[in-house]
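Treat the numbers as computed from the prediction; the structure is a model and nothing was measured.
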Amino acid sequence: MRRGPGPLAWAALLLVLVASLFPLYWSVVVASHDNAAISARVPPLLPGGELAANAREVFAAVDFGAALVNSAVVAGTVTASNVLLATMAGFAFAHLRFRGRRALFALLVGSVMVPAQLGVVPLFELVGALGWYGRLEAVVVPGLVSAFSVFWMRQACREAVPRELVDAARVDGCSLPRTYWHVVLPALRRHAVVLAMLTFLAAWNDFFWPLVVLDPVESPTVQVALSRLAGGYYTDYPLVLTGAVLGTLPVVVLFALLARQLVTGLLRGPVNR
């Protein structure tokens with residue numbers, strides 16, 4: 001007879017929950033006060049009434065609306081492309097037989113161990129040669145598919161899509177594209193949701209590469225706009241954390257929409273039940 005979690009387990013989970021939510025709560029508290037309240041000897045522990053005023057100041061200090069749109073375009077495009085291309089590549093590496101398959105996959109896995117900073121200079125020169133400096137293409141195109149995404153979907157496809165199922169579909173007359181669309185994609189739905197959330201979060205939070213190739217005034221992303229708020233000789237913490245709260249809201253909303261499938265995909269593992 002299986003026993004449920006005991007009081008210690010619930011207490012540990014509650015402690016982890018509080019520790020995870022406290023940074024977000026404290027950001028809201030700081031964002032809803034002015035500098036005088038934050039600088040007091042005893043800082044406030046409850047949200048105040050300055051959030052709307054601080055939000056207006058954020059949009060006045062930097063083009064935060066454009067930054068939100070740019071980040072949404074970049075993260076959305078990169079996420080959709082990674083899910084589509086990685087499921088295709090994962091299916092090919094898992095179940096198709098072609099010359100050089102193992103060598104290509106080994107090269108793919110090996111590329112994960114190469115620091116991304118090593119490719120900054122040649123990639124920047126390529127972006128300049130293409131005339132993409134200051135344009136969103138410079139951020140979107142290098143992230144259209146990643147080695148991690150392909151590896152994730154290849155492992156998921158090997159375990160969630162039996163080889164016999166693919167063979168049966170081909171024997172029944174399904175073409176390769178139809179097999180991918182009607183057999184592989186439905187079986188990988190949960191894994192695709194997990195990959196989409198991880199990719200969106202990484203693209204939304206990316207700071208270094210957008211800072212290098214985008215104009216921080218004309219075409220910023222959220223993270224670049226936040227760096228401008230934090231720049232200068234004096235840091236206005238309520239202003240910076242107001243921008244951080246506004247920049248976090250889209251991710252929170254997306255997680256709330258996908259939470260059930262995301263948790264299921266992470267906890268139940270790659271085998272369909």
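- A continuous path of ILVMFWY side-chain contacts below 4.5 Å connects L96 to F93, so both sit in one hydrophobic cluster.
- Between F22 and W26, the ring planes are parallel. Angles under 30° get that label, and only those over 60° would be called perpendicular.
- Here V141 is tied into one hydrophobic group with V69, V73, V74, V78, V120, L123, F124, L126, V127, L130, W132, Y133, L136, V139, V140, L144, F208, W209, V212, V213, L214, each link being a pair of ILVMFWY side chains closer than 4.5 Å.
- Annotation for Y180 and L84: closest pair OH-O, 3.5 Å, computed over non-hydrogen atoms.
- Judged purely by atom type and a 3.5 angstrom limit, S71 uses its side chain to pair as donor or acceptor with the backbone of V222.
- Hydrophobic cluster membership differs between L24 and L46, with clusters built from Ile, Leu, Val, Met, Phe, Trp and Tyr side chains linked at under 4.5 angstrom.
- Here the OG atom belonging to S149 is positioned 9.5 Å from the CG atom belonging to L108, to the nearest 0.5 angstrom.
- Residues V112 and F151 have side chains not in contact (no heavy-atom distance under 4.5 Å, counting atoms from C-beta outward).
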Fill in: side-chain contact (heavy atoms from CB on, under 4.5 Å) assessment of T179 paired with S175
CA-CA 6 Å; T179 301; S175 63; over 6 Å; no
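- In plain terms, the two heavy atoms of L188 and M153 that are nearest each other are CD1-CE, 3.7 Å.
- Shortest non-hydrogen contact noted between L226 and G243 is CD2-C, 3.4 Å.
- How far CG of N70 is from CD of Q223: 12.5 Å, rounded to the nearest 0.5 Å.
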Below 3.5 Å, can you tabulate the donor-acceptor pairs from side chains in residues 193-205 to any protein atom, sequence neighbours excluded?
unit_1: T199; atom_1: OG1; unit_2: L195; atom_2: O; d: 2.7
unit_1: W204; atom_1: NE1; unit_2: G247; atom_2: O; d: 2.8
unit_1: N205; atom_1: ND2; unit_2: L201; atom_2: O; d: 3.3

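- With S219 contributing its side chain and G134 its backbone, the two residues share a donor-acceptor pair below 3.5 Å.
- Y25 places a side-chain heavy atom less than 4.5 Å from the side chain of P47.
- In this structure, L118 places its CG atom where more than 12 heavy-atom neighbours from other residues, nucleotides or ligands lie under 6.0 Å away.
- Hydrophobic clustering (side-chain heavy atoms under 4.5 Å, transitive across Ile, Leu, Val, Met, Phe, Trp, Tyr) keeps L229 apart from V28.
- The shortest side-chain heavy-atom distance between V224 and T221 falls under the 4.5 Å cut-off.
- For R154, there are no salt bridge (charged side-chain N to carboxylate O under 4.0 Å, His left out) partners, not counting sequence neighbours.
- Taking the side chain as every heavy atom from C-beta outward, V58 and L239 approach each other to under 4.5 Å.
- Environment of CG in L45: sparse, with no more than 12 heavy atoms of neighbouring residues, nucleotides or ligands closer than 6.0 Å.
- Looking only at distances, no side-chain donor or acceptor of N35 sits under 3.5 Å from a matching main-chain atom of D236.
- Distance check: T248 OG1 to L241 CG gives 9.5 Å after rounding to the nearest 0.5 Å.
- Around atom CZ of R189, no more than 12 heavy atoms belonging to other residues, nucleotides or ligands sit under 6.0 Å away.
- By the rule that hydrophobic residues join a cluster once side-chain heavy atoms approach within less than 4.5 Å of another member, V161 and M88 end up as members of one cluster.
- Hydrophobic clustering (ILVMFWY, side-chain heavy atoms < 4.5 Å, transitive): L176 and L85 are in one cluster.
- Taking 4.5 Å as the limit, every side-chain heavy atom of V184 sits out of range of all side-chain heavy atoms of T87.
- Under a cut-off of 6.0 angstrom, the local environment of CZ in F148 is crowded, with over 12 non-hydrogen atoms contributed by other residues, nucleotides or ligands.
- Contact of the L14 side chain with the W10 side chain is not registered, since no non-hydrogen atoms from C-beta on lie closer than 4.5 Å.
- The two residues L246 and L68 make their nearest non-hydrogen contact at O-CD2, 4.2 Å.
- When every heavy atom of D34 is checked against every heavy atom of E50, the shortest pair comes out as N-CG, 4.1 Å.
- Here the closest non-hydrogen pair linking P238 and N54 is CB-ND2, 4.0 Å.
- With rounding to the nearest 0.5 Å, the separation of CH2 in W181 from CZ in R178 is 13.0 Å.
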